[in-house]
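Numbers here simply count residues along the sequence, with the first being 1.
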Amino acid sequence: MKLRKLAAAVLAAVIAGSVMLTSCGSGSSSSKADSSNTSAESSGDTSSGADIPSNDDGSVNAELTSLELADLMGNGINLGNTMEAYTHRYGNDDVFPDDSETAWGQPITTQEMLDGMKAAGFDSIRIPVAWTNAMSYFEDGDYTIAPAYLDRVEEIVNYALNADMYVIINDHWDGSWWGMFGSKTPETAEKAMEMYTSMWEQIAKRFKDYSDKLIFESANEELGDRLNDTDICKDSGALNKKECYEKTTEINQKFVDTIRASGGNNAQRFLLIAGYNTDITLTCDSKYVMPTDTAKDKLLISVHYYTPWDYCGTDSVTHWGSVQDFDEQNSLLASMKKFTDEGYGVVIGEYGVLPLSGGVYKDDIERWTNNFLDNCDLYGYCPMLWDCSDFFVRRELKMKDESLAKLYLDRSYAAQKDLGEDKIKENAQAEMDAEYAAAQERANEGVSIPAADDKAIAWIMYQSSDYNISYSVGDTYDPTAKTDGLIANNVIIDGAGQYSVSLDFSDCGIAKGVAFSALGVSNGEKLLPGMIITIDEVLIDGEKFELSGTPYTSTDDGKCTRVNLYNAWINSIPDDARTADGDLSDATPTAMDLGSTVMSKLEIKFTVTLP
């Protein structure tokens, strides 16, 4: 998880930073760690002290593949902002580990909560963990995980297994120690791998007799660019992109090798391998390489899905459901088929549309979620909702919203198991097709002036600076190519005169700045040859915006007449540029530089003159 979780961690990270910095940027001079105390085998007590018994039977199905497991895992949910809440309060036995578990606002986890999640339709749970919370490595070089912390994680694992859920545990952000891997000091990077290895040796030893319903995950979002994080390790940043990919492969391979060598059921345990940044596009890149494994068909791949981020994670965009939105989601999720085709189960380890800052759900959250889950059904992925009591309210032991509650209950493994794989996929594809057709209908409903070869139609091409809001970008007028909720007022140019066009963003979120914008007239060069457009006024939310230069009239394709309002890709004024007074001395393609301006409405008033 990204901004909300990291913002909550800032204070704790600052507190921890003063001791963590001793291990970074100055080699190993301040570290006491050596071969005698970096291994849990020699120093860590990993025997169970958990007070909660488990009904786990310790069984392993050696024939079960990761593709089949992803199906059995059904719908998943995260126990977010709980055991990964970062406080690094090692040794404070009076409050540890309870203070860590509740530090980011969540209650102490109970068996009733996990039972409630299972009853709500969630068949699996991901338990993010910050293991260095319970290490004194940053103080005295000891990698040993405090037994009380291991015990508490094991208790929560037992809660989940007792609720008949599949369980994932990982190392999750964890104070951003991962930046040690990118340190310019080789000894620091080596210590990072030592700590990572020791961490998983201890975890693997503690849980080695658990059944294969318990899954280990190599990392959260840290494998990739964040290996260069400087939050803790100030001299990090030594790895280029290629080296970040290579280090990600090395870490994932060390993870697999460490677990497989740890004995017990770990020889056949399912392992979830973190993708590059857990980003779908970067993980599908050929530079990302899955680790090798001595066990057959026991590896899964983990990515996250919060696309588009401004809709899923901020308050700036509140609508979703345009044709372009569906195209983006369907295309991105389909690309993970690369891994299922290779025999790897796919887990979407985090996803969701986070509520607005006041806790209210966004418009179209059901549409986004339903289409996302349809994709998961179609391709056999296991989706795991990111939740910090925003959806399943732990203190109340129930889902917050009745409509979403029904959606998840209907998607549970129990609700779908009798349908059969083919029927589930058929239903998913049919629903996706219907939703896509509905998006096309909605796009056409808001079109007051459809495209036509015999009309010169003026419109504003627009792309926001964050690329989340757009309208008919390009020389082909397409009034259906827009962000859902955007209202465009276009106009037919039938001769010389004054005209006005506008874009109203009120129902699709706040438009941020401009990455590209132009005033276009479809068929202008054919129907009104030689026409010149003079921009009279630009209004932002009704207030006049002063242009920095003079826009000019030109054409890119010989068909559409356009006036570039902001086009940073143009380096020189084209030969066919024209203005009403013939003066091009102040001509510019970037006159409407909005900077960080946010707006609800953009209006352009202009005059057309003809030869």
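The environment of NZ in Lys241 is crowded: more than 12 heavy-atom neighbours from other residues, nucleotides or ligands sit within 6.0 Å. Around the NZ atom of Lys400, the shell of radius 6.0 Å holds more than 12 heavy atoms that belong to other residues, nucleotides or ligands. Crowding of Lys184 atom NZ: a count of heavy atoms from other residues, nucleotides or ligands under 6.0 Å exceeding 12. Residue Lys338 qualifies as enclosed at atom NZ: its count of foreign heavy atoms under 6.0 Å is above 12.
Side-chain contact check for Ile251 versus Ser218: every heavy-atom pair is 4.5 Å or farther apart. No side-chain heavy atom of Glu342 sits under 4.5 Å from any side-chain heavy atom of Met290. Between Phe391 and Thr369, every side-chain heavy-atom pair lies at or beyond the 4.5 Å cut-off. Considering only heavy atoms from C-beta on, Met336 comes within 4.5 Å of Cys284 through its side chain. With a 4.5 Å cut-off on side-chain heavy atoms, Leu79 and Glu101 do not count as touching.
Checking side-chain atoms of Asp212 against main-chain N and O of Asn61 turns up a donor-acceptor pair under 3.5 Å. Without hydrogens or angle criteria, Arg269 side chain to Leu214 main chain gives a donor-acceptor distance under 3.5 Å. Of the possible polar contacts, none joining the Glu190 side chain to the Thr188 backbone as a donor-acceptor pair under 3.5 Å is found. Panel note: side chain Asp174, backbone Ser176; no donor-acceptor pair is recorded below 3.5 Å. With hydrogens and angles ignored, the 3.5 Å screen pairs a side-chain donor or acceptor of Asn75 with a backbone N or O of Arg411. Thr82 contributes a side-chain N or O that, together with a main-chain N or O of Gly80, makes up a donor-acceptor pair within less than 3.5 Å. At least one donor-acceptor pair closer than 3.5 Å links the side chain of Ser66 to the backbone N or O of Gly343. For Asp123 (side chain) and Tyr413 (main-chain N/O), a donor-acceptor pair under 3.5 Å exists by modelled atom type. A side-chain donor-acceptor contact under 3.5 Å links Thr340 to the backbone of Lys337. The backbone N or O of Leu239 lies less than 3.5 Å from a partner atom in the side chain of Asn228, making a donor-acceptor pair.
Closest of all the heavy-atom pairs between Asn133 and His88 is OD1-N, 2.7 Å. Closest non-hydrogen pair, Pro53 versus Asn162, comes out as O-ND2, 3.0 Å. For the pair Thr283 and Phe339, the tightest heavy-atom approach, listed with the atom from each and the gap, is O-CZ, 3.5 Å. Across all non-hydrogen atoms, the minimal contact from Cys312 to Gly352 is CB-O, 3.4 Å. The two atoms that bring Trp368 and Pro308 nearest to each other are NE1-CD, 4.5 Å, heavy atoms only. The shortest non-hydrogen separation linking Cys244 to Gly224 is SG-O, 3.6 Å.
With rounding to the nearest 0.5 angstrom, the CE atom of Met117 is 4.5 Å from the CD1 atom of Ile125. Note that CD of Glu112 is 8.0 Å distant from OH of Tyr159, once rounded to the nearest 0.5 Å. Atom CH2 of Trp386 and atom OH of Tyr351 lie 13.5 Å apart (nearest 0.5 Å). Of the inter-residue distances, the one linking Tyr305 atom OH with Leu332 atom CG reads 5.0 Å to the nearest 0.5 angstrom. Atom CE of Met384 is separated from atom CD of Glu350 by 10.0 Å, given to the nearest 0.5 angstrom. Once rounded to the nearest 0.5 Å, the distance linking CE of Met399 with CG of Leu404 reads 5.5 Å.
A tilted orientation is assigned to the rings of Trp177 and Phe181, their planes being inclined by 30° to 60°. Taking the six-membered ring where the residue is Trp, Trp200 and Phe255 present perpendicular rings, their angle passing 60° and hence far from 30°. Relative ring orientation between Trp104 and Trp173 is described as tilted, the plane-to-plane angle lying within the 30° to 60° band.
Between Tyr143 and the options Met199, Glu201, Glu194, a side-chain contact (heavy atoms from CB on, under 4.5 Å) holds for only Glu194. Exactly one residue among Leu69, Asn170, Ile168 makes a side-chain contact (heavy atoms from CB on, under 4.5 Å) with Leu272. That residue is Ile168.
With 3.5 Å as the limit, one finds a donor-acceptor pair spanning the side chains of Asp235 and Ser183. Under 3.5 Å, the side chains of Ser302 and Arg126 contain no donor-acceptor pair of N or O atoms.
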Q | Check against salt bridge (charged side-chain N to carboxylate O under 4.0 Å, His left out), Lys242 and Glu246 | A | CA-CA 6 Å; Lys242 179 175 179 290; Glu246 291 170 348; 2.5 Å; yes
Q.
Using side-chain hydrogen bond (donor to acceptor under 3.5 Å, both in side chains), reason through Thr132 and Tyr86 one step at a time and then give a plain yes or no.
A. CA-CA 9 Å; Thr132 67; Tyr86 197 75; 3.1 Å; yes
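Scored by the side-chain contact (heavy atoms from CB on, under 4.5 Å) test, Ala219 finds Trp178, Glu222, Leu223, Ala274 as partners (sequence neighbours excluded). A search for side chain to side chain donor-acceptor pair (under 3.5 Å) contacts involving Asp279 returns nothing, not counting sequence neighbours. Here Ser286 pairs with nothing under the side chain to side chain donor-acceptor pair (under 3.5 Å) rule; sequence neighbours left out. Among residues two or more places apart in sequence or in another chain, the ring-ring contact (aromatic ring centres under 6.0 Å, His included) test is passed with Tyr344 by none. For Asp293, the side-chain contact (heavy atoms from CB on, under 4.5 Å) partners are Val256, Arg260, Ala295, Lys298, Leu299, not counting sequence neighbours. For Tyr381, the ring-ring contact (aromatic ring centres under 6.0 Å, His included) partners are Tyr379, not counting sequence neighbours. The salt bridge (Lys or Arg N to Asp or Glu O under 4.0 Å) check on Asp297 picks up nothing, with sequence neighbours excluded. Looking at residues two or more places apart in sequence or on another chain, you find a side-chain contact (heavy atoms from CB on, under 4.5 Å) between Ala204 and Phe216, Ile259, Ser262, Asn266. Shown here are the side-chain contact (heavy atoms from CB on, under 4.5 Å) partners of Thr292, two or more places apart in sequence or in another chain: Gln253. In this structure, the ring-ring contact (aromatic ring centres under 6.0 Å, His included) partners of Tyr210, at least two apart in sequence or on a different chain, are Phe207. Checked against ring-ring contact (aromatic ring centres under 6.0 Å, His included), Tyr276 has the following partners two or more places apart in sequence or in another chain: Tyr245.
Here salt bridge (charged side-chain N to carboxylate O under 4.0 Å, His left out) pairs that include residues 280-289, with residues two or more places apart or in two chains, are Asp285-Lys287.
We find that Lys362 and Asp315 are not joined by a salt bridge, their nearest charged nitrogen and carboxylate oxygen being 4.0 Å or further apart.
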